[in-house]
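Because the structure is a prediction, the values reported are computed rather than measured. We count ligands from 1, going down the list as the structure has it; atoms in each ligand are counted the same way. The basis for the numbers below is simple: all heavy atoms, side chains too, and nothing from hydrogens, waters or symmetry mates.
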Amino acid sequence: WKCMTILLIFCIVRIHSSNPEDFCFKNEQNCSLSSKRYLLYDVNRPEGFNLRRDVYMRLAVLAHKMKQSSNSELNSFSLVLPPWSHLIHWTYRDYPEQIPWGLYFDVESLKKFAPVIEMYEFFDIYPNKYTKVVIDEVYNLQHFEDMFETGNFEERMNIEKCQRTHDKTYLFYKNITAKDVKCLSYHGPATKLTELFVNTSAKIILLNHAEVTLHDFFGSKLYWEARRSMRFSKELKLIANEFRKTVLNSTDASDNTLLPEMWTDEKPKRNAIGGPYVGIHLRRRDFVRNRPTEAPSLQKAADQIKKVLNNLDLKTVFVATDGTQEEFNDLTSFLQGYNVVKYSAPSKIEKKYKDGGLAIIDQIICSYARYFIGTHESTFSFRIQEEREILGFPVDTTYNVFCTGSGCQKPSVWEIVY
Ligand code: GFB
């Protein structure tokens, strides 16, 4: 009995004194055999919503490829979705500062492409979430300093001196710390990171400045699979569809825009007609300040809209914009005789979905228009163009942008690949 008691006390002491960082995830039967790994990432603070969506795709392709690998060092990774925190264009008044992906996207749909989990799911698995979460290795990605001077654009990565100081807080969580922090000069697609991951036994890795990584092959079949898996949340689709139906007389049946329940069942099509309206995305605010030559004058934009409406024998234009009410009124006054519509959210919807949700509703409505005109070089417009490729619109109804101070340009065309 004495021996048994001593053994029992020894075991209890061992369990309690074990390094919390050498943890086993909940529900894992045998800790020493546990092989799960977690990849977290963050993006440069000033980057907006729609560039962040593009960075996700680069990492989703990486996670997808790792999942398919026969190497157990790689196929054990889950990609942890960084909450939508502190985006500089958004306000977080009366709202949590960490918005999960599920409010905006169909996470089950994302999971059909890549092994992703929400941040709160990661916390739920982590044993010490209420005290602290320790990341094994943080890599602050940075561009090679000599890249543009030497013109050396070959794929490479190297641990180097940090080019600037980095925050000691991660993903805006006060309880996340790191064991080991390095700066990684990097040039190459996100998938090149596998070379790093096979050379470390770290279980939890965080990439800061993930926007430094590139796409594997921009516009490839895999790129489009990642993009197609980014379906919006069902609730936001319902809100946008209700508006299309009641205000714009637009339904999937009449617009020929019905898609299968699962993105994995989608087939190539080019026969979408779209609702009886022209959709426009008119980016204002910081875009006008930062890129004055890329922003059209409201009078010029109205002239361009009128021309398209007349050509298509339509009367209604749907306006997606971050501009002021005054700018909207000015635009409307330049379009007399036409029906100028925008989406104004009831306060309940605005409160629940905030800036990101309203942006998505605008994007959905523009996606279903018979014809779309976007803002030159706005990633918000790019994502609408992609959505229209998925819905199967003829190319010429999608790739149009407002003429700018520097002339009328045609945007690059990225046709969908299956
Ligand atoms: O998505 P985003 O980064 O595209 O735009 P750009 C920034 C934010 O503006 C979005 C709001 O998250 C939305 O909250 N927004 C823009 C809109 N257009 C609309 C709209 O039509 N409707 C609604 N509801 N919201 C880049 C920035 O913006 O512009 C860069 O990401 C930089 O940081 C650059 O500021 C000048 O690519 O247009």
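Here the straight-line distance linking atom CD1 of Ile390 with atom CD1 of Ile416 works out to 5.0 Å at 0.5 Å rounding. In this structure, CZ on Phe197 lies 8.5 Å from CG on Leu74, to the nearest 0.5 angstrom.
Of all protein heavy atoms, the one lying nearest to atom 1 (O) of ligand 1 is Asn50 ND2, 2.5 Å. Given atom 18 (N) of ligand 1, the protein heavy atom at minimum distance is His281 NE2, 3.0 Å. Closest protein heavy atom to atom 24 (N) of ligand 1: Asp362 OD2, 3.2 Å. Regarding atom 30 (C) of ligand 1, its nearest protein heavy-atom neighbour is His89 CE1, 4.1 Å. For atom 4 (O) of ligand 1, the closest non-hydrogen atom on the protein side is Thr379 OG1, 3.1 Å. Of the protein's heavy atoms, Trp90 NE1, 2.9 Å lies nearest to atom 12 (O) of ligand 1. When hydrogens are left out, the protein atom nearest atom 5 (O) of ligand 1 is Arg283 NH2, 3.5 Å; that is the closest non-hydrogen contact. Looking from atom 11 (C) of ligand 1 to the surrounding protein, the closest heavy atom is Asp322 CB, 4.1 Å.
Residue Glu47 has no nitrogen or oxygen atom sitting less than 3.5 Å from a nitrogen or oxygen atom of ligand 1, judged on distance alone. The shortest N/O to N/O separation between Pro46 and ligand 1 falls below 3.5 Å.
Taking the ring axis of Phe372 as reference, the NZ or CZ atom of Arg388 does not stay both within 45° of it and closer than 6.0 Å to the ring centre.
Near Gly48, meaning under 4.0 Å from any of its heavy atoms, are these atoms of ligand 1: 3 (O), 31 (O), 33 (O). Below 4.0 Å from some heavy atom of Asp286 lie the following atoms of ligand 1, by number and element: 32 (C), 35 (O). Interface atoms of ligand 1 facing Arg291, defined by a heavy-atom separation under 4.0 Å, are 36 (C). Residue contact check: Leu358 has heavy atoms under 4.0 Å from atoms 24 (N) of ligand 1. In the vicinity of Ser378, heavy-atom distances shorter than 4.0 Å reach the ligand 1 atoms 6 (P), 37 (O), 38 (O).
Here the rule is side-chain contact (heavy atoms from CB on, under 4.5 Å) with Tyr186, and of Gln142, Glu155, His209, Met157 only Met157 fits it. The ring pair (Phe, Tyr, Trp, His ring centres under 6.0 Å) with Tyr223 is formed by just one residue from the set Phe218, Tyr418, Tyr56, Trp414; it is Phe218. Among Glu261, Glu108, Glu266, the single residue meeting the salt bridge (Lys or Arg N to Asp or Glu O under 4.0 Å) criterion with Arg231 is Glu266.
Ionic pairing of Glu225 and Lys221 is present here: one or more N-O contacts between side-chain nitrogen and carboxylate oxygen are shorter than 4.0 angstrom. Taking the charged nitrogens against the carboxylate oxygens, Arg270 and Glu389 do have a contact shorter than 4.0 Å, which makes a salt bridge. For the pair Arg58 and Asp54, the salt-bridge criterion is met [side-chain N within less than 4.0 Å of a carboxylate O].
Side chain of Arg52 to main chain of Glu47: a donor-acceptor pair is present (N/O by atom type, distance under 3.5 Å, no hydrogens or angles).
Within the 4.0 Å heavy-atom criterion, neither part of Ser381 lies near ligand 1.
Closest heavy-atom approach to atom 21 (O) of ligand 1 among the candidates Ile384, Asp355, Thr321: Thr321. Scanning Phe382, Phe287, Phe380 for the heavy atom closest to atom 20 (C) of ligand 1 points to Phe380.
Here the shortest heavy-atom pairing between Asn256 and Ile273 reads CB-N, 4.0 Å.
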